[in-house]
Amino acid sequence: TLNLEMCVQSMPTQMPSFSMAPSELHSVVPSPAPSFTSGPSTSTKPSHVPTFSLAPSICYDVTITIVTGSNTGKDGGVITWEFYEKNQSGDMIFLNGGGPLDKDQTYEQVVPCLMSSDFVFNITESEGKGFGECDSCGYLISVDGEYVAGNSYFRYNDVVNFPVPFVPNEDFEPCHGDFYFAMTTDGNFPERTTWVLETYEGDAVLRGGPYHKPKALYRTWSCLSDGEYNFTILDSIGDDNAVGNYVLGSDFEILVRSGLSFGTSNSTTFVSGPERT
């Protein structure tokens, strides 16, 4: 039986210290721009060369690093990951991804020059075993060298939502603790469960489910703007049979511990940010 509170709080507030060395580095950084040698030109240059005023372009590099171990994939599981931009309409635009990942490797992917927006990192291990028994394994996300998120205790699926540019709070803690949710799905009907996080005005910010893998650990972290939010989890059947159990937290504190059934739905209201008491 998994300790969901331990799972939910396992994402550190500072850069994890798992080893990045001496495994082979698989880097998928963009290649240098090609250079061209042009021959003599027969074109006639204008007598006046126009000048253009270009506004400075501010963009940010996101780096995703994943370290696997000797037990990764031991039970036949496959690790894959995806990286998306989430636009203002809530649409997910695929930017990059990788897998299946080999064991005993360090993978680094740089997604260069991203403009200000919201982004989502999603990693899955098909058998729910994560990196296997490995204290030095894990994943890290950074923006221009600023630590955003990272986790070694990854099992079936982790989702991290964060903004770019990424600015830690006044205590230099990343904002992924504004919202976190962990759920171990029911062994028979995981597809019954969905959830939604809404602002006080009723605008949907995040959604989860329906889930498809039974008895699997799903987790979501997200940065949130300060304010009041309402979290609602739903059972599409609502017959009071077991639908799994979950933990909900904000600002690195547990708000709700729920086991088994909750009827048709269960809602929790909380405040994220300095106004929280």
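In this text, all values refer to a predicted model and were calculated from it rather than measured experimentally.
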Apply side chain to side chain contact (heavy atoms under 4.5 Å, CB included) to Tyr156 and Glu125, showing your working.
CA-CA 5 Å; Tyr156 179 69; Glu125 203 275 347; 5.6 Å; no

Full working for side-chain hydrogen bond (donor to acceptor under 3.5 Å, both in side chains) between Asn157 and Asn122
CA-CA 7 Å; Asn157 176 253; Asn122 187 320; 2.8 Å; yes

Run Ile254 and Val247 through side chain to side chain contact (heavy atoms under 4.5 Å, CB included) and show every step you take.
CA-CA 7 Å; Ile254 300 296; Val247 172; 3.4 Å; yes

After noting the C-alpha distance and the side-chain angles of Asn161 and Tyr84, does the key distance pass the side-chain hydrogen bond (donor to acceptor under 3.5 Å, both in side chains) rule?
CA-CA 10 Å; Asn161 301 265; Tyr84 300 88; over 6 Å; no

Apply side-chain hydrogen bond (donor to acceptor under 3.5 Å, both in side chains) to Thr268 and Asn266, showing your working.
CA-CA 7 Å; Thr268 303; Asn266 188 29; 4.9 Å; no

With side-chain hydrogen bond (donor to acceptor under 3.5 Å, both in side chains) as the test, would you mind laying out the steps for Asp104 and Ser70 before giving the verdict?
CA-CA 5 Å; Asp104 286 326; Ser70 59; 4.5 Å; no

Does the side chain to side chain contact (heavy atoms under 4.5 Å, CB included) test come out yes or no for Arg219 and Leu217, once each step is laid out?
CA-CA 7 Å; Arg219 293 182 296 181; Leu217 175 59; 4.0 Å; yes

Determine, step by step, whether Asn71 and Cys134 satisfy the side chain to side chain contact (heavy atoms under 4.5 Å, CB included) criterion, reporting the C-alpha distance in whole Å, the side-chain angles of both residues, the deciding distance to 0.1 Å, and the verdict.
CA-CA 7 Å; Asn71 290 316; Cys134 179; 5.7 Å; no

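Side-chain contact check for Thr63 versus Glu108: some heavy-atom pair is nearer than 4.5 Å. Side-chain atoms of Met183 and Tyr211, non-hydrogen and from C-beta on, do get closer than 4.5 Å to each other. Ser152 has its side chain out of reach of Cys137: every pair of non-hydrogen atoms, C-beta onward, lies at least 4.5 Å apart. Side-chain atoms of Leu197 and Leu224, non-hydrogen and from C-beta on, do get closer than 4.5 Å to each other. Side-chain contact between Val120 and Met92 is present, with heavy atoms from C-beta onward closer than 4.5 Å. Leu140 places none of its side-chain heavy atoms less than 4.5 Å from the side chain of Ile66. Inter-residue side-chain proximity for Val62 and Tyr60 is flagged as unmet; no heavy-atom pair is nearer than 4.5 Å. Between Ser272 and Asp251 the shortest side-chain heavy-atom distance falls below 4.5 Å.
Contact record, Ser126 with Gly76: OG-O, 4.3 Å, taken as the closest heavy-atom pair. Of all heavy-atom pairs spanning Thr185 and Lys215, the tightest one is OG1-N, 3.0 Å. The minimum heavy-atom distance linking Leu234 with Ser265 is given by the pair CD2-CB, 3.4 Å. Closest approach of Pro112 to Asp61, counting heavy atoms only: CA-OD1, 3.3 Å. Contact detail for Gly69 and Thr72: the closest heavy-atom pair is N-OG1, 2.8 Å. Nearest heavy-atom pair across Gly209 and Thr194 is C-CG2, 3.8 Å.
Here the side chain of Thr199 pairs a donor or acceptor atom with the backbone of Asp203 at under 3.5 angstrom. Proximity of a side-chain donor or acceptor of Ser267 to a complementary backbone N or O of Thr232 within less than 3.5 Å is not detected. A donor-acceptor pair under 3.5 Å is formed between the side chain of Ser250 and the backbone N or O of Asp178. Counting only distance, with no hydrogens or angles, the side chain of Asp75 and the backbone of Gly77 share no donor-acceptor pair below 3.5 Å. In this structure, Thr184 contributes its side chain and Ala216 its backbone to no donor-acceptor pair below 3.5 Å. Judged by distance alone, with hydrogens and angles left aside, the side-chain atoms of Tyr147 form a donor-acceptor pair with the main-chain N or O of Gly150 at under 3.5 Å. Distance alone, capped at 3.5 Å, is enough to place a donor-acceptor pair between the Asn87 side chain and the Ser89 backbone. In this structure a side-chain-to-backbone donor-acceptor pair under 3.5 Å is missing from Thr220 to Tyr180.
Other residues, nucleotides and ligands contribute at most 12 non-hydrogen atoms within 6.0 Å of the NZ atom of Lys103. Other residues, nucleotides and ligands contribute more than 12 heavy atoms inside 6.0 Å of the CD atom of Glu201.
Taking the six-membered ring where tryptophan is involved, the planes of Phe119 and Phe83 are essentially parallel, since the angle between them stays under 30° and well short of 60°. Ring pair Tyr229/Phe270 is parallel by interplanar angle, where below 30° counts as parallel and above 60° as perpendicular. Under the 30°/60° scheme for interplanar angles, the aromatic rings of Phe179 and Trp195 are found to be tilted.
Once rounded to the nearest 0.5 Å, the distance linking OH of Tyr139 with CG of Leu101 reads 13.5 Å. Separation of atoms CD (Glu82) and CG (Asn96) is listed at 10.5 Å; rounding is to 0.5 Å.
Ring centers of Tyr218 and Tyr246: at least 6.0 Å apart, outside the cut-off.
With hydrogens and angles left out, the side-chain atoms of Ser117 and Glu85 include a donor and acceptor closer than 3.5 Å.
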